[in-house]
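As structure tokens, the structure follows; a few thoughts come after it.
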Amino acid sequence: TVAERLRARGIVPTHQRIEIAFVLLERCEHLSADQILALVNARHAETSKATVYNTLRLFLDKHLIRELIVDPSRVFYDPNTTPHHHFYDVVTGQLTDIPADAVRVEALPAPPPGTVTDGVDVIIRTRPAAA
């Protein structure tokens with residue numbers, strides 16, 4: 001269940017957290033905070049925007065979801081935390097997963113002293129081809 005998945009990550013499964021997690025994990029889509037808020041509120045009584053943002057931050061901190069910043073004004077939350085990349089349609093806002101092994105990144109620079117590489121996220125921006 002959703003509550004068990006939250007507990008497994010050390011998250012106390014409050015009613016609102018369960019509802020937010022349900023929307024994210026059961027739909028398995030890339031959603032913005034506003035989309036999550038609307039979907040949660042369509043299912044049950046009002047949940048505040050602050051609660052959604054605080055819960056998303058908690059889920060990020062506990063590695064339950066990933067944050068995708070596709071441009072400075074568009075942030076999506078991805079319930080798929082396995083290594084993978086994305087196509088992002090700049091016109092429609094559609095995000096599509098790309099398997100990690102379909103993208104090859106070679107010759108990464110050495111990270112700054114005292115750090116290690118934690119991951120590489122590739123977002124390939126697309127738009128409809130001109131007719």
Side-chain angles (χ1 to χ4, degrees):
T1 68
V2 172
E4 290 167 348
R5 288 181 74 180
L6 294 178
R7 280 189 202 96
R9 296 290 179 146
I11 301 169
V12 176
T14 66
H15 175 71
Q16 289 177 318
R17 288 175 181 168
I18 290 170
E19 289 301 319
I20 293 166
F22 180 81
V23 164
L24 277 164
L25 302 175
E26 296 300 314
R27 296 175 69 92
C28 205
E29 295 177 29
H30 307 95
L31 299 170
S32 70
D34 287 337
Q35 290 172 315
I36 294 164
L37 177 65
L39 289 166
V40 167
N41 284 335
R43 285 178 42 89
H44 290 288
E46 288 294 313
T47 297
S48 73
K49 195 172 203 174
T51 297
V52 169
Y53 277 100
N54 289 337
T55 301
L56 290 172
R57 178 58 46 208
L58 173 64
F59 289 178
L60 287 167
D61 291 346
K62 298 291 187 171
H63 305 286
L64 184 66
I65 60 174
R66 292 172 57 183
E67 183 176 59
L68 302 171
I69 302 171
V70 296
D71 71 44
S73 64
R74 306 270 334 241
V75 177
F76 293 92
Y77 298 91
D78 188 351
N80 180 356
T81 59
T82 62
H84 68 287
H85 307 287
H86 296 91
F87 283 114
Y88 172 63
D89 186 314
V90 298
V91 174
T92 66
Q94 177 74 33
L95 276 161
T96 306
D97 288 350
I98 303 170
D101 61 1
V103 175
R104 190 172 19 251
V105 179
E106 298 179 11
L108 288 175
T115 67
V116 295
T117 301
D118 190 39
V120 175
D121 296 316
V122 174
I123 298 175
I124 301 171
R125 289 166 182 79
T126 64
R127 71 177 63 253

*asked:* Please report the interatomic distance OH(Tyr88) to CD1(Ile124), rounded to the nearest 0.5 Å.
replied: 14.5 Å

_By the ring pair (Phe, Tyr, Trp, His ring centres under 6.0 Å) test, which pairs, at least two apart or in different chains, include something from residues 57-85?_
His84-His86

*Same apolar cluster: Ile123 and Ile69, side chain cutoff 4.5 Å*: no

*Any side-chain heavy atom of Ser32 within less than 4.5 Å of one from Arg74?*
no

*Could you check Leu24 against Leu56 for side-chain contact (heavy atoms from CB on, under 4.5 Å), going step by step and ending with a plain yes or no?*
CA-CA 10 Å; Leu24 277 164; Leu56 290 172; 3.7 Å; yes

*Starting at CZ of Phe87, measure out to CZ of Arg125 and round the result to the nearest 0.5 Å.*
13.0 Å

*For the student: nearest non-hydrogen atoms of Thr47 and Val40, plus distance*: OG1-CG1, 3.5 Å

_Using every non-hydrogen atom in the two residues, find where Val12 and Arg17 come nearest and quote the distance to one decimal._
O-NH1, 2.9 Å

*With sequence neighbours left out, which residue pairs that include part of residues 96-119 fulfil the salt bridge (Lys or Arg N to Asp or Glu O under 4.0 Å) condition?*
Arg104-Glu106

_If the condition is side chain to side chain contact (heavy atoms under 4.5 Å, CB included), which residues does Leu39 pass it with, not counting sequence neighbours?_
Val23, Arg27, Leu31

*Specify the closest pair of heavy atoms between Gln94 and Thr96, including all atoms of both residues, with the distance to one decimal.*
CG-OG1, 4.0 Å

*Val120 versus Leu108, closest heavy-atom pair with distance*: CG2-CD1, 3.7 Å

*Under 4.5 Å between any side-chain heavy atoms of Leu25 and Arg5, yes or no?*
yes

*Decide side-chain contact (heavy atoms from CB on, under 4.5 Å) for Val70 and Leu95; before the verdict, give the C-alpha distance in whole Å, the side-chain angles of both, and the deciding distance to 0.1 Å.*
CA-CA 9 Å; Val70 296; Leu95 276 161; 4.0 Å; yes

*Out of curiosity, Tyr53 OH to Ile20 CD1, how far, rounded to the nearest 0.5 Å?*
11.5 Å

*asked:* To the nearest 0.5 Å, what is the distance between CG on Leu68 and NE2 on His30?
replied: 6.0 Å

*If every non-hydrogen atom of Pro79 is compared with every non-hydrogen atom of Ile65, which pair is closest and at what distance?*
CA-CG2, 4.1 Å

*What distance separates Thr14 OG1 from Glu19 CD, expressed to the nearest 0.5 Å?*
9.5 Å

*Presence of salt bridge, Arg66 and Asp121, under 4.0 angstrom*: yes

*Which heavy-atom pair separates Ala21 from Leu6 by the least distance, and what is that distance?*
CB-CD2, 3.9 Å

*Using the rule that two of Ile, Leu, Val, Met, Phe, Trp, Tyr join whenever any of their side-chain heavy atoms come within less than 4.5 Å, decide whether Phe22 and Leu64 are in one cluster.*
yes

*State the CG-CG distance between Asp78 and Leu60, to the nearest 0.5 angstrom.*
10.5 Å

